[in-house]
Colleague: 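Dropping a structure here in structure tokens format, bear with me for questions.
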Amino acid sequence: QDYIPIDENEVEKYINNVVQLNPKKKKVEKFAGLDLGLNRTFTLFVDAKNTPSISFDGHSLIKYNCDFNYKISKTQRLLSDNAVITTITNDNGVNIPIYSTYATYFNKAIKNLNYHRGNYYDDVFHKLSKQILEYCHINNVTDLVVSSNLSFAKTKGSVKFKKKTQQKFYQIPFGRLIKYLKLKQYDFGVMIHDIDEAYTSKTSPFIDIKGVLEKVEKNKLSQENKKLSSTVYGGIREGSIFYVNGKGRKCKMQLHADCVGAYNHCRLVTECSSPNDIDITKLTTPILIKSTENFTQFLVISNVDVEAA
């Protein structure tokens, strides 16, 4: 066979021409912040002018957990009342309980309750993680900022709430949602960033959050360690409302505290749009999603709106 000699210079010219004709488009970075909570399982803020903030109603998760606690306590009470018939003393003087057939039945019932509870939260957080990332993908988000220290705070017991609220908070496995987000991030082309969410929801979006955190750290290291005034944070958080500049006559406007937290998540990682340059409803009234089914319908509508635009 006859071989045609290849000129290496000609090959290089050809490759350069192809690269110039088909330049690789650099993906524009777009950030979003995800704030986790109890009454609102999550609040998502996208750093774009008109993309609405969304929030998931966590009351269905709380109700399921309350129902589980009621059923498990009732079953355990029945177990303790009916399981042991009597006790006999052995040769060593040790009392040995004699169990009835109810013991096996109630123990199996407790195992089933725990099994179904685990499956319920697994199912919900699997769906939510996918839907969150899908919403990010629809709106061309490249980076999602999430706080992982929430799950660590639960294991260390450093979260301070009222007893009733604290029980609900500790028993709902938020760590699973973060875990599933990290597992699925590459399927949607979204990079997850971990941050410490401390003071994000109690700091005004109109002031420098990094400067606030520096002041907080200096105050902790000082011998006095006084409580910082609201002027340092640029406002006051009370429940789900953030009062800019403080309450009363000082109040400039009222924002949703979870939206403020999600927005400040982004600001810890990148330079975000100024609150003056975005639709203020993104920080005041997020779209409330009641269920995973409702979220699916919302994603379909969002996708149609984006394609139409």
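What you see is a predicted model, and the numbers here were worked out from it, not measured in a lab.
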Colleague: Answer yes if L177 and L44 sit in the same cluster of Ile, Leu, Val, Met, Phe, Trp and Tyr residues linked by side chain heavy atoms under 4.5 Å apart, and no otherwise.
Modeller: yes
Colleague: Is a donor on one side and an acceptor on the other found under 3.5 Å between the side chain of R237 and the backbone of G239?
Modeller: yes
Colleague: For the side chain of N139 and the backbone of V141, is there at least one donor-acceptor N/O pair under 3.5 Å apart?
Modeller: no
Colleague: Taking T292's backbone N and O only, do any of them form a donor-acceptor pair with Q131's side chain (distance below 3.5 Å, no angle check)?
Modeller: yes
Colleague: Mark yes when over 12 heavy atoms from residues, nucleotides or ligands other than Y120 sit less than 6.0 Å from its OH; otherwise mark no.
Modeller: yes
Colleague: About how many Å separate NZ of K71 and NE2 of H116, when rounded to the nearest 0.5 Å?
Modeller: 9.5 Å
Colleague: Show me the donor-acceptor pairs, under 3.5 Å and distance only, between side chains in residues 206-216 and residues at least two apart or in other chains.
Modeller:
from: D208; atom 1: OD1; to: K210; atom 2: N; distance (Å): 3.3
from: D208; atom 1: OD2; to: G211; atom 2: N; distance (Å): 3.3

Colleague: Would you say the side-chain atoms of Q297 pair up with the backbone N or O of N294, donor to acceptor, closer than 3.5 Å?
Modeller: no
Colleague: Does any N or O in the side chain of D277 come within less than 3.5 Å of the main-chain N or O of S273, such that one atom is a donor and the other an acceptor?
Modeller: no
Colleague: Please list, chain by chain and in numerical order, all residues satisfying side-chain contact (heavy atoms from CB on, under 4.5 Å) with V94, sequence neighbours excluded.
Modeller: N90, N92
Colleague: Is the NZ atom of K179 crowded by more than 12 outside heavy atoms at less than 6.0 Å?
Modeller: no
Colleague: Extract all donor-acceptor atom pairs below 3.5 Å that involve side chains of residues 240-247 and protein atoms in other chains or at least two apart in sequence.
Modeller:
from: K247; atom 1: NZ; to: E238; atom 2: OE1; distance (Å): 3.0
from: K247; atom 1: NZ; to: E238; atom 2: OE2; distance (Å): 3.0

Colleague: Whether R176 engages the ring of F125 as a cation-pi pair (distance to the six-membered ring centre under 6.0 angstrom, angle to the ring normal within 45°) should be assessed.
Modeller: no
Colleague: Looking at F45, is K282 sitting on its ring face, NZ or CZ under 6.0 Å from the six-membered ring centre and within 45 degrees of the normal?
Modeller: yes
Colleague: Where the side chain of Q185 meets the backbone of I192, is there a donor-acceptor pair that is under 3.5 Å apart?
Modeller: yes
Colleague: Is it possible for you to check whether K184 lies under 6.0 Å from the centre of the six-membered ring of Y180, through NZ or CZ, and within 45° of that ring's axis?
Modeller: yes
Colleague: To the nearest 0.5 Å, what is the distance between NZ on K74 and CG on L113?
Modeller: 11.5 Å
Colleague: Please check if the side chain of T203 supplies one atom and the backbone of T200 the other of a donor-acceptor pair under 3.5 Å.
Modeller: no
